[in-house]
Amino acid sequence: MEWANDGKSKGGVLAHLERLEIQVNRSRKNLEDPQRAQAVESALGTKIHKLRCLRDELRAEVKQRQARVKASTVNVEPDQTLEISEQEVAERRKENVKAILQAYRFTGLSGKLTSRGVCVCISTAFEGNLLDSYFIDLVIQKPLRIHHHSIPVFIPLEEISVKHLQTNIQHFLFCLCEYLNAYAGRKYQADRLQSDFAAFLAGPLRRNSLCNLLSFTYKVEPRGQSFPFCARLLYKDLTTALPTDVTVTYQGMDALSPAWEEQRASHENLFFSKPLHQVFTSFARKGEKLDMSLVS
């Protein structure tokens, strides 16, 4: 023990005891830290061992499942797997076509399932009049193809098929209906002109097979001696039943009076906006006086 010159202990006995207590605590802590560290290390080691065991079990289970899947597919030929897949696709397409036919039944489309796929019937109409019907027999496979059809050769069936048949069968049928109904409407108008208004014609009606080019000479007064008009109607848009280009000329006069020129221009407007039989119905009712209420 260290003593001061006055014979008393340095700092007093209590202070010396405090210093001794601190030293004892430090010595005890130094002894406890390694023990605590050893205990923590032992616990972590146990946990790591358990996790490794779980990992090994999971790996073994994954390998077993992979082996079972591989064993179940070994006996299935690749071609057979592909065939099953294509068959499922074909079945889905059949169901899709069936739903389409049911949805479009009231718009002129109907059909029935066949051993190859589906046969679609397209019924055309114009102004509420039922006209010709056409069919198209589709083979539901990959790719879709047309087996038989009664579509007229001048309808661009191949072009429509290339654009829409493989990608959107609804749009394919919709486009085909547009072309067929427009053709039926143009043909209906030309037939009505020849059959019901032949007295107005000063010559034959000339038309092509698609009925998208019509030319004829007519008079607005069948029994009169007036010079006839010459009309040329062109339907550039094959999906419409009204012309896109109309030319009306007046035969027998190089220069028309203002009244005749006004009548000629009115005729052009009528042919642009109304079906042929409606235009000539106006001529029949009014004679020389054109029914201007029909001009839209």
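Since this is a predicted model, take the numbers as computed values, not measurements.
- A donor-acceptor distance shorter than 3.5 angstrom exists from the side chain of Asn181 to the backbone of Cys177, with no hydrogens or angles considered.
- Inter-residue side-chain proximity for Tyr134 and Cys121 is flagged as unmet; no heavy-atom pair is nearer than 4.5 Å.
- Ring-plane geometry between His277 and Tyr188 is classed as perpendicular, the angle between the planes exceeding 60 degrees on a 0 to 90 degree scale with a lower cut at 30.
- Side-chain contact between Leu210 and Arg186 is present, with at least one heavy-atom pair separated by less than 4.5 Å.
- Between Arg145 and His147 there is a side-chain heavy-atom pair separated by less than 4.5 Å.
- Leu157 is not connected to Phe135 by any chain of hydrophobic side-chain contacts under 4.5 Å among Ile, Leu, Val, Met, Phe, Trp and Tyr, and they are in different clusters.
- Put simply, CZ on Phe197 and CG on Leu205 are 13.0 Å apart, with the number rounded to the nearest 0.5 Å.
- No side-chain N or O of Thr247 forms a donor-acceptor pair with one of Arg232 less than 3.5 Å apart.
- With no hydrogens or angles considered, no side-chain donor-acceptor pair links Gln194 and Gln189 at under 3.5 Å.
- Checked against the 6.0 Å centroid threshold, Phe200 and Tyr218 do not count as a close aromatic pair.
- At least one side-chain heavy atom of Phe283 sits less than 4.5 Å from a side-chain heavy atom of His267.
- Looking only at side-chain heavy atoms (C-beta outward), Ile155 and Tyr183 come within less than 4.5 Å of each other.
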